[in-house]
Amino acid sequence: MTTYQPAIHFKDVRYSIDGKPILGPITGSFPAGRITTLVGPSGAGKTTVLKLCNGLLSPDSGEILVQGHPVESMEPTALRRKVGMALQDAPMVSGSVYDNLALPLRLQKKELSEADAVSWLEDVGLSSEYLHKKATELSGGQRQKVSIARTLVNRSDILLMDEITSALDRGSRREIESLVTRINEKYGTSIIWITHNLEQAISIGDYTWVLIAGELVETGESRILEDPTDERVRRFVKGELK
Amino acid sequence: MSPIALSLTLIFVLIPLFLSRTLNLGLEKDTVIATVRSIIQLFAVGYILKFVFDSDSYIYILLMIALMIFAAVHNASKKGKAIPGIIWKITVTIIAVEVLTQGILLGFGIVPATAQYIIPISGMVVGNSMVLSILFLNRFTSEMDAHRNRTELILSLGGTPKQAVHSQLTDAIKASTIPTIESQKTMGLVQLPGMMSGQIIAGADPVQAVQFQLLILFLLLTTAVVSSILLGFLSYPSLFNERMQMIRQTNE
């Protein structure tokens, strides 16, 4: 197996809510510059893993290193700009597409020029005519694209994507998949992508984490999903675990 | 008012009791409790006020105000249980509003520094501050619940907690103060304010009654806006921890 430089490394990470264990202990790495998919049944703790990566949550114990630095040593807003996240349902703030794209910079009291906004839009495959459209008028696929573009504005080194294609039709899903692959190749961004779709995990992921009931059951190159060795992973792949 | 006249006012209690009985509304018990409580509480307050006015001592005035604030905080804090430390936040809010308004009234000599003025005006300020706190907390907690996604979005893009709650906070402040501002627009057209009506009934010159009512209206504008804003800015930080994470997380 090829060895990769880790973008994010988990070391004995545990997380619980009100004393109820949700995750861990987990030890593993997300390789830098690669697309890692995070798969597993509902309630496995996938979203929790993403939120731990960008500091929306903190572990009860263990250590999380982002590009070699412990997350607690990083200022939360700086960490979240470095590790961007596209949320599952692509929430939009009220206003236009431009208002949404400008949001990450406005949070830093900076402005986004219209020309830059257009170039981010084109980057995700939307034409400039969308710039002044109301965010509420976008289709599901367009919202996800704007959400991804908005995350790109922070020029994050690592992008977290929480089931961004689960509500989309096949055509839009394909578009988002090729968009994410393109971002990965163009900017060398490390990508961690939660998906329910195993076919998608195999086709676009270089690497995969299989989480089941808060446990990291298997990690490795995506092809491990084609012929899993672990019994639970085998059952999950067959669709016996939901 | 003569004792007979006062007793005759109970007719206004008998009418709802009779109707409730006849139509099986089941309001009798609550009506009787409300009547008995209001008689006891108001007479008690009346005698206490008489004692405080006669004694002319600032200690009793302060005790009266402290009692009002205690009751108001107790009542309002029931609405904000989701916010840690809500009791002291409401206490600080109400005390600050009371100190600010009395400071202006007494400092500029707008009203005389006697129990007769300080206590009723404090009652109105504390009471309104309490109502505003309840309105604000209701709205703010429901805004926060409804816009969790938005809060999380701003945090995830590198925003601070203040930025993440900004629109929910301003919406809740606006929503809780709008009724006060709106009711002032129709004041005198739709309803005569209680205090003014009372003064007129008690024989005061209507124009003078109006002057005092205006004082109270303007005072309540400050009370409303300052209560909401202060409680808002005291409340939102306790929804986040020092790592700028939302407390009360939900997970997949």
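Quick note: numbers below take in every heavy atom, side chains included, and nothing from hydrogens, waters or symmetry partners. Predicted model, so just to flag it, every value in this text is computed and none were measured. Just so it is clear: chains get the letters A, B, ... in the order the sequence lines come, proteins before strands, and each one is counted from 1.
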*Heavy atoms under 4.5 Å from chain B: which residues of residues 142-157 of chain A carry them?*
A:Arg150, A:Thr151, A:Asn154
_On a heavy-atom basis, which atom in B:Met244 and which in A:Thr77 lie closest, and how many Å separate them?_
SD-CG2, 3.7 Å
_Residues, nucleotides or ligands: over 12 heavy atoms within 6.0 Å of A:Arg106 CZ_ = yes
*How far apart are the closest heavy atoms of B:Leu157 and A:Arg81, and which atoms are they?*
O-CG, 3.8 Å
*asked:* Please enumerate all residues that pass ring pair (Phe, Tyr, Trp, His ring centres under 6.0 Å) together with A:Tyr130, with sequence neighbours excluded.
replied: none
*Does the distance from a Lys or Arg side-chain N to an Asp or Glu carboxylate O, for B:Glu152 and A:Lys51, drop under 4.0 Å?*
yes
_Do A:Gln108 and B:Gln163 have side chains that approach each other closer than 4.5 Å (heavy atoms only, starting at C-beta)?_
no
*Min side-chain heavy-atom separation A:Arg80-B:Ser156 under 4.5 Å*: no
*Quick one: does B:Ile154's side chain get under 4.5 Å of A:Leu103's, heavy atoms only?*
yes
*How about B:Ile229: does its CD1 atom have over 12 heavy atoms from other parts shown lying under 6.0 Å from it?*
yes
*Mark yes when over 12 heavy atoms from residues, nucleotides or ligands other than A:His196 sit less than 6.0 Å from its NE2; otherwise mark no.*
yes
*Would you mind reporting whether B:Arg243 and A:Pro76 have side-chain heavy atoms less than 4.5 Å apart?*
yes
*Got a sec: does the NZ of A:Lys11 have more than 12 other heavy atoms crowding it under 6.0 Å?*
no
*What part of A:Asp89 gets closer than 4.5 Å to chain B, counting heavy atoms only: side chain, backbone, both or neither?*
side chain
_Gap separating the CZ atom of B:Arg150 from the CG atom of A:Leu87, nearest 0.5 angstrom_ = 12.5 Å
